[in-house]
Amino acid sequence: MSSAFRDPKSLPEWFELDYYERPRPLRRRRRILGWGLLFATTAVVGLAVWWGNRRIYQGGPVSEAHRMFNNDCGSCHTQAFETAMRLLPTHPAARSVPDEACQQCHRGAPHHEQQVARPGSEQCADCHAEHLGRPVLARVPDRHCSGCHEDLKRKDGKPSEFVNVADFRRHPEFTWFREQTRRPDPGTIKFNHAVHLDEKGVFMPDSRQLAALWEGKSGGEPTRLKRVLNCRDCHEPDDAGMAMKPISFEQHCKQCHGLPIRLGDVANAPGLQAAIRRFEGQPVSHPRPGQSQAVVRAELRDRFTSFVQEHPQVLGQGPGARERPFPGWDRSLASTRQEHEWVNDRATNAWRVLLHSPGGCVYCHQLVADPGKPDVEPTVLPARINQRDFPRLGGTSSRWLPHGQFGHDSHRMLDCTECHAARTSRLTSDVLLPGIESCQKCHNPSVGARSDCVECHRYHDRAQEREFVGRRTVAECLGSK
Amino acid sequence: MIIDSTHKRWIALTLLLAFLSGGAFAWLYATTPGGLTGGSFVGLWYGIAGSVLMIFAGALSGLRRVPSWWWIGSRQAWLRGHIWLGLLSVLLILCHSGFRVGGPLTLALWIVLGLVIVTGILGLVLQQVLPRQITTSIPCEAPYEQIPHLCNRMRLYGDGLIGKVFKNEGKDEAMSIMLSQMGQGAKLQLQGFYYDEVRPFLAEDYDRKSKMANAALADAAFTRLLALPGLATVKQHVEELRLLCDERRLLIQQERLHGWLHGWLLVHIPLSVALLVLTVAHVVTALYY
């Protein structure tokens with residue numbers, strides 16, 4: 001108190017000694033603001049409760065698919081105060097959203113019968129955590145997968161048939177290329193990709209020219225028809241744009257590799273030119289998957305039998321020698337001995353030409369003969385171009401990667417040969433699937449294409465999905481029940 | 001509160017707790033698939049710890065109501081705890097949230113908590129600087145609530161001084177009439193100056209544009225006044241008026257510094273109340289759903 005006008009003697013004059021009992025402005029204002037904010041905040045919270053707006057309490061936005069009942073927390077949070085139970089160490093997995101709530105709309109099939117459930121990953125909400133701003137709940141972080149797949153265990157204690165994997169950067173090579181499980185393409189069709197993708201094109205004669213070439217006749221210079229093929233001429237994507245449709249002879253091979261049939265020396269019989277042209281113009285049908293060469297022999301026999309019965313002139317008989325059925329009536333006639341011998345001779349010859357001649361069955365198919373039975377005709381091996389064995393998994397699949405999802409449509413901007421080395425492949429045994437390194441070029445965090453587990457793999461085994469009977473109403477789904 | 005060596009133990013304890021809790025959270029976050037959320041077992045306990053610290057910090061204001069409870073510790077200790085554990089609560093709440101902002105209610109909580117912490121830190125910084133500045137720059141520091149009363153007293157004193165100036169008129173009878181007339185004119189000027197400039201400035205509510213509010217301008221005005229012939233006999237009174245104005249300026253500076261020193265509490269305390277209300281709403285709804 002260093003003032004010229006104040007001294008201890010005059011203190012009672014200069015100061016009010018009871019000043020500390022007076023209200024202080026700053027304190028008064030603080031009190032008013034404090035109470036005011038208390039009431040205002042309480043009022044805001046109360047109003048929100050009264051209006052029924054539950055969204056303000058959310059810890060974060062829900063995923064896109066759940067937005068329609070965003071304001072009805074009870075749609076999923078069916079267990080009240082269950083979160084509080086999680087405070088107890090005995091209830092770490094307590095969930096206010098039990099699996100039954102999810103299963104009102106989702107199937108959630110099991111993953112694997114030998115799966116060992118890891119603590120903290122036994123329920124739907126353990127992996128599919130809402131309110132974290134994820135637009136798609138199915139896209140779970142990799143750690144949910146690698147938590148088990150870093151060190152796989154089976155319920156029965158046996159070693160797992162799968163290789164451990166932590167993330168895509170350290171993903172093991174695909175089964176087809178891994179040292180322990182490497183094996184060639186199981187297909188038995190002799191196919192040379194390099195020839196079919198030749199930049200100069202492939203030779204595509206019609207069936208007559210091809211037949212003439214088989215007999216060593218030139219028939220004049222065949223018109224050389226060349227066409228440059230590309231992958232899509234044979235490999236068509238399925239409707240989903242994921243895998244490729246199976247290769248079929250009828251659709252993809254027949255145009256170039258037809259199976260012609262010749263009648264032989266009856267070509268000069270009078271009055272039969274048109275019939276001969278009709279007969280020889282229709283190639284033999286290729287067996288369908290699951291059928292054997294016996295089907296072809298049967299067709300040859302049928303066709304020759306029909307021809308000779310319709311045209312007895314080939315046996316030197318008159319046109320009316322045999323009873324002819326009414327048109328449209330399918331009344332098979334028993335063969336005479338002469339017809340039978342003629343058919344036998346022609347069919348056997350035609351089958352021999354078809355089977356063994358260049359451009360015939362052996363051009364593409366492998367034959368296997370029984371060494372103990374030299375007189376028995378060799379068998380054509382099944383093609384197996386759409387059938388792959390997975391011994392470790394104990395099954396067969398038409399897919400190269402039965403546990404991975406690959407969408408060709410997503411990669412449509414790429415040339416097929418960027419991943420499939422078809423232009424240089426000459427052997428059927430070549431596995432033209434790209435190695436995982438090819439995928440990792442783009443699918444890595446530094447480049448940008450997604451590389452999380454769920455990009456290619458699915459947790460829920462769709463094959464084990466049970467029938468789902470929906471029971472909710474539209475109002476319930478909209479959260480306005 | 002001045003941050004001095006008595007805070008060392010608190011700082012060390014806070015840093016240790018921060019390191020342990022942060023490290024534990026980081027390890028648990030890295031080893032838990034999908035990370036930790038506020039509703040997980042770990043997240044919930046971090047939230048509880050952070051809330052307990054916030055409630056402890058808020059309990060400081062209730063201490064004055066229980067002065068006889070000596071066993072709860074000294075006010076100094078509580079204030080130190082308020083500062084350091086209050087700062088620690090921010091880390092615990094960050095861990096509880098998983099470093100996410102969350103929805104509308106949690107966003108509001110973050111904003112309010114942030115303002116509370118920022119104003120608290122601001123207040124703490126001001127408390128390191130301003131008290132010392134008040135002591136050194138305002139030698140005539142007075143209790144803040146007494147300043148209006150002091151202003152009143154100074155005005156009365158000033159009125160008395162002017163009265164004394166005109167009471168001295170009798171002593172001028174021996175002077176010449178001319179000198180007497182010059183002295184009368186100067187005193188009238190002095191009177192006019194006092195009532196126009198000085199007295200309004202000495203009031204509790206003064207004009208901020210007043211010349212007396214500026215030391216240089218006031219000094220110049222008083223110097224000009226003292227130069228007037230006829231005021232030599234009352235020079236002492238004029239000097240006292242000058243000192244009154246000087247003291248008033250110091251009291252104005254004290255008011256300003258006092259406002260800075262305590263004004264942040266007008267934001268800090270009410271927002272703390274709002275923070276506690278929102279926290280209760282958050283806790284109830286989070287544990288319910």
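Sequence lines set the chain letters: A, B, ... in the order given, protein chains first and strands last, and positions in each chain run from 1.
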Is the backbone N or O of B/Asp159 less than 3.5 Å from a side-chain atom of B/Arg199, with the two atoms forming a donor-acceptor pair by type? no
Chain A contact via B/Ala108 - side chain, backbone, both or neither, heavy atoms under 4.5 Å: neither
Most contacts with chain A, counted as non-hydrogen pairs under 4.5 angstrom, among B/Ile269, B/Leu278, B/Leu265: B/Leu265
Please rank B/Leu250, B/Thr32, B/Thr106 by heavy-atom pairs under 4.5 Å with chain A and give me the top one. B/Thr32
Go through A/Ala84, A/Pro141, A/Pro61, A/Ala48 and name the one with the most non-hydrogen pairs under 4.5 angstrom from chain B. A/Ala84
Region of A/Arg55 in contact with chain B, defined by heavy-atom distances below 4.5 Å: backbone
Check each atom of A/Ile32 against the heavy atoms of chain B and say whether the ones under 4.5 Å are side chain, backbone, both or neither. neither
Under 4.5 Å from a heavy atom of chain A, the part of B/Thr31 involved: backbone
How are the rings of B/Tyr144 and B/His258 set relative to one another: parallel (under 30°), tilted (30 to 60°) or perpendicular (over 60°)? parallel
Region of A/Ser96 in contact with chain B, defined by heavy-atom distances below 4.5 Å: side chain
Chain A: which of B/Val284, B/Leu244, B/Val267, B/Leu271 shares the most heavy-atom pairs with it under 4.5 Å? B/Leu244
Heavy-atom pairs under 4.5 Å with chain B, option from A/His131, A/Gln58, A/Met85 with the top count: A/Gln58
Applying a strict 4.5 Å limit to non-hydrogen atoms, the region of B/His149 in contact with chain A is side chain
Looking only at A/Arg54, A/His77, A/Arg27, A/Glu82, most heavy-atom pairs under 4.5 Å shared with chain B are made by A/His77
Please confirm whether the ring centroid of B/Tyr46 lies under 6.0 Å from the ring centroid of B/Phe25. yes
Pairing donors with acceptors under 3.5 angstrom, does anything connect the side chains of A/Glu455 and A/His443? no
Whatever's closer than 4.5 Å to a heavy atom in chain B on A/Ala80 counts as both
Out of B/Gln146, B/Glu145, B/His268, B/Arg100, which one racks up the most heavy-atom pairs below 4.5 Å with chain A? B/Gln146
Correct closest heavy-atom pair for B/Ile138 and B/Gln253 would be CD1-C, 3.9 Å
A/Val454 backbone acceptor or donor facing A/Asp452 side chain under 3.5 Å: no
Answer yes or no: is there a donor N or O on one side and an acceptor on the other, between the side chain of A/Gln440 and the main chain of A/Phe168, under 3.5 Å? yes
Does B/Arg75 CZ have over 12 foreign heavy atoms under 6.0 Å away? yes
Keeping B/Trp264 on the side-chain end and B/Gly120 on the backbone end, is there a donor-acceptor pair under 3.5 Å? no
